[in-house]
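Reading through the structure tokens given below for one structure.
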Amino acid sequence: MSDPRTLADGETLIAEFPADRATYLRDHAAMAALAIGGAMFILWWVGNPHVWTGAVAGLAAIAIRGWYLQSEELTVSWLLTNSRLLGPPGRVAMLKDITKTRGLGSAVQIVMANGDKHLIKYQSDKAAVIAQIDAARGTT
């Protein structure tokens with residue numbers, strides 16, 4: 001069985017979209033701020049006199065999540081060729097089947113004609129990624 005990320009005959013690599021470490025850390029800092037605020041609000045709302053523990057819990061939850069997933073998330077890279085978008089574990093999106101590309105946080109969402117959706121996560125310049133994909137599709 002061949003590697004699905006191996007380029008076919010006549011296929012050329014246009015760009016690679018690896019996950020960006022700084023964007024990953026920035027996204028987790030934003031999630032931590034939301035988790036801290038949310039946990040503190042809930043504790044206040046239910047009348048807990050130790051509202052500050054929500055800050056500790058929110059920060060710890062997101063820090064542990066970020067640390068745990070970092071080794072997996074930061075190794076993900078997508079390849080753009082003249083005919084396909086190749087992602088992690090065998091994800092293949094034919095350019096002709098992509099109906100929409102749009103930004104979603106720091107990610108680029110790819111919507112397929114059959115309804116499937118793929119995320120190219122933690123992109124430092126999602127507008128440039130969208131522009132490159134749309135140019136390869138011939139929709140710019």
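Just so it is clear, the structure is predicted and the values come from calculations on it, not from any experiment.
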Common cluster, Ile62/Trp67, ILVMFWY with side-chain heavy-atom separation under 4.5 Å = no
Name the orientation class of the two ring planes belonging to Phe41 and Trp44 (parallel below 30°, tilted from 30 to 60°, perpendicular beyond 60°).
-> tilted
Verify, without hydrogens or angle tests, whether Tyr24 (side chain) and Gln70 (backbone) share a donor-acceptor contact under 3.5 angstrom.
-> yes
Nearest heavy-atom pair of Leu13 and Leu80: which atoms, and what distance?
-> CD1-O, 3.4 Å
Do His118 and Leu85 come within less than 4.5 Å of each other through their side chains, counting heavy atoms only?
-> no
Cluster question for you: counting only ILVMFWY and a side-chain heavy-atom cut-off of under 4.5 Å, with indirect links fine, are Met112 and Trp78 together?
-> yes
Single-linkage hydrophobic cluster, 4.5 Å side-chain cutoff, Val111 and Ile120 together = no
Is there side-chain contact between Arg65 and Met31, with heavy atoms separated by less than 4.5 Å?
-> yes
Do Ile133 and Val129 come close enough that some side-chain heavy atom pair is under 4.5 Å?
-> yes
Evaluate side-chain contact (heavy atoms from CB on, under 4.5 Å) for Asn82 paired with Glu11, printing each intermediate quantity in order.
-> CA-CA 6 Å; Asn82 57 323; Glu11 191 173 28; 3.3 Å; yes
Would you indicate whether the side-chain heavy atoms of Asn114 and Asp97 approach each other to under 4.5 Å?
-> no
Does the side chain of Lys126 come within less than 4.5 Å of Phe17's, by heavy atoms?
-> no
Can you see which heavy atom on Thr23 is nearest to which on Ser106, and at what distance?
-> CG2-CB, 3.4 Å
